[in-house]
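Small disclaimer: the values here were computed from a predicted structure and weren't measured. Hydrogens, waters and symmetry mates play no part in the numbers below; they use all other heavy atoms, side chains included.
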Amino acid sequence: CNINTQGNPKYCVRLNETDLVVIDGNDMYCNPNDGAHVFIGADARNTIVGANKYYSSLTGAEIDPIVIDNGVGTVGVWKDAAPSLVGWGSIGTPSEHGLGFYKSNDGTVSFRGRISGPATSNGDVLFTLPIGFRPKAKAYVLSAFGTPGANVIQILPTGIVQSLTAGTTSIYLNGLEFSTK
């Protein structure tokens, strides 16, 4: 489909009160100044955003997708996260995204970004993943690069992501992933 915001000045696709909607294979045009390609409302569940192409309706140029995702269990959209550990923050630069996570169609959750702050203690909670992005029954233990060296993080079925390495002041999460199945 070729979807344009002419009929709706804000969004190409707006989902409310839906469950298991697939948005895939579309060319979407929106005004990047005041609109979004896809708006997913808080009462939308299990939306799958597939391989679409995203364009500016002003210039016609291909742009990064603009997706407003307030839904539960959305697949195929990067979600931003904020560290919950006091004094810690997400470090995003023009070449590096801030802390975020993504769930693919096969249930794999991937992380991106780098976080930093005062030295950790063993078991400090870094951030919490929402429902739909958590391991089903077991905890995952992953090794991440950090400062001053390797850092071990654990992801619990409750969604808690915690550091198991004391003394860490920075953790790179790019490329880390686990399964929700």
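- Taken to the nearest 0.5 Å, the CD atom of Q162 stands 10.5 Å off from the OG atom of S84.
- Considering CD1 of I68 and NE2 of H37, their distance stands at 11.0 Å, rounded to 0.5 Å.
- Between the side chain of S143 and the backbone N or O of V152, no donor-acceptor pair lies under 3.5 Å.
- Under the 4.5 Å side-chain contact rule for hydrophobic residues, V77 and L99 do not share a cluster.
- Placement of V141 and F178 in two distinct hydrophobic clusters is found when ILVMFWY residues are connected by side-chain heavy-atom separations under 4.5 Å, directly or transitively.
- Between K103 and T180 the shortest side-chain heavy-atom distance falls below 4.5 Å.
- Using a 3.5 Å distance cut-off with no hydrogens or angles, the side chains of Y29 and D27 do not pair a donor with an acceptor.
- Atom CD of E17 is surrounded by 12 or fewer heavy atoms from other residues, nucleotides or ligands within 6.0 Å.
- I40 and V75 fall into different hydrophobic clusters, where Ile, Leu, Val, Met, Phe, Trp and Tyr side chains are chained together by heavy-atom contacts under 4.5 Å.
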Would you please test I91 and I115 for side chain to side chain contact (heavy atoms under 4.5 Å, CB included) and show each step? CA-CA 6 Å; I91 300 172; I115 55 176; over 6 Å; no
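- A donor and an acceptor atom, one from each side chain of N31 and S57, are nowhere located under 3.5 Å apart.
- Within a 6.0 Å sphere centred on CZ of R45, heavy atoms belonging to other residues, nucleotides or ligands number 12 at most.
- Stacking of K53 on the aromatic ring of Y55 is not recorded, the 6.0 Å distance cut-off and the 45° axial limit not both being met.
- Contact of the I153 side chain with the L176 side chain is registered, since non-hydrogen atoms from C-beta on lie closer than 4.5 Å.
- Here R114 contributes atom CZ and Y172 contributes atom OH; the two are 4.0 Å apart, rounded to the nearest 0.5 Å.
- Remark: side-chain polar atoms of D69 are not paired, donor with acceptor, to backbone N or O of K79 under 3.5 angstrom.
- The shortest distance between side-chain heavy atoms of T169 and S116 does not fall below 4.5 Å.
- Between the side chain of N122 and the backbone N or O of A166 there is no donor-acceptor pair closer than 3.5 Å.
- When the options D24, V21, L20 are evaluated for a side chain to side chain contact (heavy atoms under 4.5 Å, CB included) with I48, the one that passes is L20.
- For the atom pair L58 CG and I63 CD1, the distance stands at 8.5 Å (nearest 0.5 Å).
- A tilted orientation is assigned to the rings of F39 and Y11, their planes being inclined by 30° to 60°.
- Formation of a donor-acceptor pair under 3.5 Å by the T168 side chain with backbone atoms of S170 is not found in this model.
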Start with the C-alpha gap between S179 and Y140, add the side-chain angles, then the distance that decides, and say whether side chain to side chain contact (heavy atoms under 4.5 Å, CB included) holds. CA-CA 9 Å; S179 177; Y140 283 86; 3.6 Å; yes
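- The heavy-atom pair separating G98 from S90 by the smallest distance is CA-OG, 3.2 Å.
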May I have the step-by-step check of side chain to side chain contact (heavy atoms under 4.5 Å, CB included) for V125 and L85, ending in yes or no? CA-CA 6 Å; V125 176; L85 187 56; over 6 Å; no
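- Here the closest non-hydrogen pair linking G167 and A119 is CA-CB, 3.9 Å.
- The ring pair (Phe, Tyr, Trp, His ring centres under 6.0 Å) test with F101 singles out one residue from W78, F127, F133, and that residue is F133.
- G87 and P118 get closest at one heavy-atom pair: O-CD, 3.4 Å.
- Side-chain N or O atoms of K181 include none that pairs as donor or acceptor with a backbone N or O of K136 at under 3.5 Å.
- Side chain of E62 to backbone of Y54: no donor-acceptor contact under 3.5 angstrom is found.
- D124 and S163 share no side-chain donor-acceptor pair at under 3.5 Å.
- Nearest heavy-atom pair, T18 versus L15, reported as atom, atom and distance to 0.1 Å: OG1-CB, 3.9 Å.
- Criterion: ILVMFWY side-chain heavy atoms under 4.5 Å apart, direct or through other members. Under it, L164 and W88 are not part of a common hydrophobic cluster.
- Hydrophobic clustering places L173 together with V109 (ILVMFWY residues linked when any side-chain heavy atoms are closer than 4.5 Å, directly or through intermediates).
- Remark: side-chain polar atoms of N26 are not paired, donor with acceptor, to backbone N or O of M28 under 3.5 angstrom.
- Paired with I155 under the rule side chain to side chain contact (heavy atoms under 4.5 Å, CB included), one option of T128, L129, L126 passes, and it is L129.
- Taking CD1 from I66 and OG from S56, the interatomic distance works out to 8.0 Å, rounded to the nearest 0.5 Å.
- Distance check: D43 CG to N70 CG gives 9.5 Å after rounding to the nearest 0.5 Å.
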